[in-house]
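Just below is one structure, and these are the notes that go with it.
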Amino acid sequence: MALYSEKVMDHFLHPRNVGVIEDADGVGEVGNAKCGDIMKIYLKIDNDIITDVKFETFGCGSAIASSSMATEMIKGKPVSEALELTNKAVAEALDGLPAHKMHCSVLAEEAIKNALEDYQSKQNK
């Protein structure tokens, strides 16, 4: 069996939503010192809908694929739905990740939740 699914390889080799949103409504950054992966998620939100999402990831193929898939999963969705995204859902959407790479999907979930918290804190000002 191959170490990575075709979906993981596709999102690693052709990541979606890479980049920066300069005037982002929410930004979330997480890192894992143990493996060296760092993810930064940028959100543009209009009327409680995620209208755009971009990411910058420094890390392994699984980290890049997890970031790409996670951004695809929340784009166009209401904030409340994006808050429910789990690392398990990201891994399943990628047709699985090796056990020792599951932390990459956890980072994607955490980065999105941090960006959503950042957005919500700015709304409460």
Side-chain angles (χ1 to χ4, degrees):
M1 180 181 118
L3 184 61
Y4 296 109
S5 71
E6 284 183 33
K7 280 190 184 175
V8 171
M9 291 306 297
D10 182 43
H11 278 267
F12 167 59
L13 295 171
H14 310 284
R16 284 68 151 174
N17 306 309
V18 174
V20 175
I21 299 174
E22 291 298 335
D23 58 343
D25 295 312
V27 179
E29 184 172 1
V30 294
N32 183 324
K34 184 177 143 200
C35 67
D37 294 329
I38 300 168
M39 289 181 190
K40 196 165 189 177
I41 301 277
Y42 303 86
L43 301 174
K44 198 73 182 155
I45 299 171
D46 186 30
N47 233 6
D48 219 39
I49 302 293
I50 298 169
T51 57
D52 197 12
V53 55
K54 301 275 186 224
F55 78 90
E56 295 178 300
T57 294
F58 177 83
C60 65
S62 294
I64 292 165
S66 293
S67 301
S68 175
M69 179 57 82
T71 59
E72 286 284 279
M73 293 173 77
I74 65 165
K75 197 173 194 175
K77 299 284 191 321
V79 167
S80 59
E81 201 172 312
L83 279 166
E84 295 174 7
L85 182 74
T86 65
N87 74 294
K88 188 176 180 207
V90 173
E92 286 173 2
L94 289 168
D95 292 337
L97 286 169
H100 67 283
K101 292 294 183 177
M102 280 301 287
H103 68 274
C104 296
S105 63
V106 172
L107 286 176
E109 175 189 342
E110 290 175 351
I112 286 170
K113 289 194 171 148
N114 285 356
L116 289 165
E117 286 171 14
D118 181 50
Y119 163 71
Q120 289 174 332
S121 73
K122 290 175 180 174
Q123 298 307 300
N124 294 333
K125 283 186 179 175

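Residue indices begin at 1 and follow the sequence shown.
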Closest contact, heavy atoms only, Phe12 versus Ala65
N-CB, 4.0 Å
Would you say Tyr42 and Glu56 make side-chain contact, with heavy atoms under 4.5 Å?
yes
Could you state the interatomic distance from OG1 (Thr51) to NZ (Lys44), rounded to the nearest 0.5 Å?
7.0 Å
Does a side-chain heavy-atom distance below 4.5 Å link Ile21 with Lys54?
yes
So which heavy atom on Ile38 is nearest to which on Glu29, and how close?
CG2-OE2, 3.6 Å
Any non-hydrogen side-chain atom of Asp52 less than 4.5 Å from a side-chain atom of Lys75?
yes
What's the shortest heavy-atom distance between Val90 and Met73, and which atoms?
CA-SD, 4.0 Å
Please confirm whether the backbone N or O of Lys7 pairs with a side-chain atom of Asp95, one donor and one acceptor, at under 3.5 Å?
no
In terms of heavy-atom contacts, Ser105 and Met102 come closest through OG-O, 2.7 Å
Would you sort out whether Asn17 and Thr71 count as a side chain to side chain donor-acceptor pair (under 3.5 Å), showing the intermediate values?
CA-CA 7 Å; Asn17 306 309; Thr71 59; 2.9 Å; yes
May I have the list of side-chain donor-acceptor pairs in residues 106-118 shorter than 3.5 Å, sequence neighbours left out?
{"residue": "Glu109", "atom": "OE1", "partner": "Asn87", "partner atom": "N", "Å": "2.7"}
{"residue": "Glu109", "atom": "OE2", "partner": "Lys113", "partner atom": "NZ", "Å": "2.8"}
{"residue": "Lys113", "atom": "NZ", "partner": "Leu83", "partner atom": "O", "Å": "3.4"}
{"residue": "Lys113", "atom": "NZ", "partner": "Leu85", "partner atom": "O", "Å": "3.1"}
{"residue": "Asp118", "atom": "OD2", "partner": "Val27", "partner atom": "N", "Å": "2.8"}
{"residue": "Asp118", "atom": "OD2", "partner": "Lys122", "partner atom": "NZ", "Å": "3.1"}

Output for pair (Met39 CE, Ser67 OG), nearest 0.5 Å, gives 3.5 Å
Quick one, Ile74 and Glu84 - any side-chain contact, counting heavy atoms below 4.5 Å?
no
Please report the shortest heavy-atom distance between Asp37 and Cys104, naming the atom on each side.
OD2-SG, 3.6 Å
Kindly indicate whether the side chain of Gln120, heavy atoms from C-beta on, has any atom under 4.5 Å from the side chain of Val79.
yes
Same cluster for Ile45 and Phe55 if Ile/Leu/Val/Met/Phe/Trp/Tyr side chains link at under 4.5 Å?
yes
What's the shortest heavy-atom distance between Val53 and Leu43, and which atoms?
CG2-CD2, 3.6 Å
Say you draw a straight line from CD of Glu81 to CD1 of Ile50; how long is it, rounded to the nearest 0.5 Å?
9.0 Å
So how far is it from Leu3 CG to Ser62 OG, rounded to the nearest 0.5 Å?
7.0 Å
Close side-chain approach of His11 and Glu72, heavy atoms under 4.5 Å
yes
Quick one: do Val18 and Ile64 end up in the same hydrophobic cluster if we chain Ile, Leu, Val, Met, Phe, Trp and Tyr together by side-chain heavy atoms under 4.5 Å apart?
yes
Mind checking the SG-OH spacing from Cys60 to Tyr4? Nearest 0.5 Å is all I need.
6.0 Å
